[in-house]
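Convention: sequence-line order gives letters A, B, ...; per-chain numbering from 1. Note that this is a predicted model, so its numbers are computed, not measured.
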There are 2 protein chains.
Amino acid sequence: MSIDKSKACLTLGQIEEWLKKAGVNATAQRLAICQFVLCQADHPTADDIKVWADDNFPKISLATVYNTLNTLVEAGLLREYCFPHSEKKIYDNNIVDHYHLYDEATHRLIDVSPEVVTVDHAKLKNANIKRADLILYGSILNEEK
Amino acid sequence: MSIDKSKACLTLGQIEEWLKKAGVNATAQRLAICQFVLCQADHPTADDIKVWADDNFPKISLATVYNTLNTLVEAGLLREYCFPHSEKKIYDNNIVDHYHLYDEATHRLIDVSPEVVTVDHAKLKNANIKRADLILYGSILNEEK
DNA sequence: GTTAGTGCAAATCCTTTGCAAGCCG
DNA sequence: CGGCTTGCAAAGGATTTGCACTAAC
């Protein structure tokens with residue numbers, strides 16, 4: 001059901017290249033944030049990232065966390081979402097089109113393949129749909145993928 | 001494509017009854033807000049309602065607008081949504097399950113029948129889905145319904 | 001040395017809250 | 001009177017901004 005995240009656990013060197021390729025300077029703070037967001041975090045909020053950074057990096061200000069996230073989103077390296085169950089924005093390192101399932105039992109967000117949902121364009125004849133955002137609410141019955 | 005809103009244009013007396021039936025006291029402020037939200041407004045924000053109220057009611061404070069909206073949502077008389085294209089909450093007098101289409105040309109939100117979207121539960125075998133929130137982004141090619 | 005990036009604090013936006021005053025039975 | 005509603009102003013949380021400071025080419 002979930003989508004594999006093949007980007008998981010890159011080396012710092014690989015992250016540096018990945019940033020450069022997108023035209024983003026690889027500063028120490030950005031590398032640290034990327035390492036967390038790409039390899040360890042699962043749909044983190046800006047605050048989650050700040051908490052992690054405080055424990056794992058000499059010093060990063062909240063403003064830098066936000067700046068970095070916005071930079072990465074603009075560069076297309078990260079996706080930003082906002083769902084009804086929380087006011088906070090969440091960041092997703094999966095930049096392939098996909099949907100989400102919010103597991104109400106564990107409060108975790110799970111990536112869902114786009115094939116799970118079909119939009120009947122025939123019933124929307126007079127509309128030109130570019131993009132769809134879907135979130136499912138429910139619970140996972142078991143952990144098998 | 002859109003869903004008909006059969007509740008449109010109730011009299012004050014009808015709104016009063018409708019509130020009472022839901023266990024909500026019909027104060028002057030609440031009646032005014034309901035009249036706007038049910039009859040004239042199209043997916044308004046709290047601010048839209050305040051602006052209308054300032055022009056059409058002796059005095060309503062912003063706090064009362066928010067209090068009233070929360071009361072109506074809790075009573076199940078109104079639905080509250082939050083979409084990625086705006087930080088503000090929007091209120092919908094259509095309390096039947098449905099989805100939305102955001103028309104990027106006019107910045108209007110259009111109700112979409114749930115039949116337009118199919119969730120393939122077979123592909124989500126290990127999940128128990130209770131609810132889905134979907135928003136489509138695109139544009140309307142013509143205004144015929 | 002410039003230019004980009006950072007840190008801090010203040011500012012902003014939307015929404016909620018505390019509390020005194022008003023209204024209605 | 002007594003409880004529910006109101007209005008106001010202050011507080012709150014998330015994110016952004018202004019600006020001086022630092023760092024890196």
Side-chain angles (χ1 to χ4, degrees), chain A residues 12 15-16 19-20 22-37 41 43-75 77-92, chain B residues 15-16 19-20 22-37 41 43-54 56-75 77-92:
Chain A
L12 281 180
I15 295 175
E16 205 171 331
L19 285 172
K20 292 232 167 91
V24 176
N25 282 357
T27 66
Q29 287 88 337
R30 287 177 181 168
L31 282 172
I33 291 174
C34 285
Q35 198 175 29
F36 178 60
V37 171
H43 300 100
T45 62
D47 219 60
D48 294 334
I49 295 166
K50 180 66 164 70
V51 168
W52 173 87
D54 285 344
D55 286 344
N56 295 274
F57 196 83
K59 184 143 219 52
I60 293 187
S61 75
L62 230 202
T64 297
V65 171
Y66 278 108
N67 285 342
T68 298
L69 290 171
N70 288 339
T71 300
L72 295 176
V73 170
E74 272 160 38
L77 301 176
L78 220 51
R79 290 233 180 145
E80 180 183 86
Y81 293 92
C82 169
F83 295 118
H85 60 272
S86 159
E87 315 285 81
K88 302 182 185 179
K89 294 177 182 169
I90 69 103
Y91 294 88
D92 197 334
Chain B
I15 295 174
E16 206 170 332
L19 286 173
K20 291 231 168 92
V24 176
N25 281 355
T27 67
Q29 286 88 337
R30 287 178 180 166
L31 282 172
I33 290 174
C34 285
Q35 198 174 32
F36 178 60
V37 171
H43 300 98
T45 62
D47 218 62
D48 292 335
I49 295 167
K50 181 66 166 70
V51 167
W52 174 87
D54 286 343
N56 294 273
F57 196 82
K59 185 145 220 46
I60 293 187
S61 75
L62 228 203
T64 297
V65 171
Y66 278 106
N67 286 341
T68 299
L69 290 171
N70 288 339
T71 300
L72 295 175
V73 170
E74 273 161 38
L77 301 175
L78 221 52
R79 291 232 179 145
E80 181 183 88
Y81 293 93
C82 170
F83 295 117
H85 60 271
S86 158
E87 314 285 84
K88 302 184 188 178
K89 294 178 182 170
I90 69 102
Y91 294 88
D92 196 335

Can you find a pair of side-chain heavy atoms, one from A:L19 and one from A:L31, that are under 4.5 Å apart? yes
Does D:dA23 have OP1 or OP2 sitting under 4.0 Å from an N or O in the side chain of A:Q29? no
Figure out the CD/C1' separation between A:E87 and C:dC13, and round it to whole Å. 12 Å
I need the residues from residues 58-75 of chain A with at least one non-hydrogen atom less than 4.0 Å from DNA chain D; give them sorted by number, or say none. A:L62, A:A63, A:Y66, A:N67, A:N70
Check this one for me: any side-chain N or O of B:T27 less than 4.0 Å away from OP1 or OP2 of D:dC4? no
Atom-to-atom span, NZ of A:K88 to C1' of D:dT15 - whole angstrom: 12 Å
Within this structure, what is the CD-to-C1' distance between A:E16 and D:dC25, rounded to whole angstrom? 14 Å
Provide, to the nearest angstrom, the distance between the NZ atom belonging to A:K89 and the C1' atom belonging to C:dC13. 12 Å
Looking only at heavy atoms, which two atoms of B:K50 and B:S61 are closest? And how far apart? CE-C, 3.9 Å
Rounded distance (Å) that lies between atom C1' of D:dT15 and atom CD of A:E80: 10 Å
All side-chain hydrogen bond (donor to acceptor under 3.5 Å, both in side chains) counterparts of B:E87, not counting sequence neighbours: none
Can you check whether A:K50 has a side-chain N or O nearer than 4.0 Å to OP1 or OP2 of D:dT15? no
Nucleotide nearest A:N25 when distance is taken to its side chain, options C:dA4, C:dT15, D:dT15: C:dA4
Atom CG of B:L31 to atom C1' of D:dC4: distance rounded to whole Å? 15 Å
Side-chain contact, heavy-atom cut-off 4.5 Å: A:R30 with A:T71? yes
B:Q29 and its side chain to side chain contact (heavy atoms under 4.5 Å, CB included) partner, picked from B:N67, B:V65, B:I60: B:I60
Among residues at least two apart in sequence or on other chains, which ones pass side-chain hydrogen bond (donor to acceptor under 3.5 Å, both in side chains) with B:N56? none
Just the rounded figure in Å: distance from P of D:dG7 to CZ of B:R30. 11 Å
Beyond-backbone contact of B:D48 with B:H43, side-chain heavy atoms, under 4.5 angstrom: no
I need the CD1-C1' distance between A:I33 and C:dG5, as an integer number of Å. 12 Å
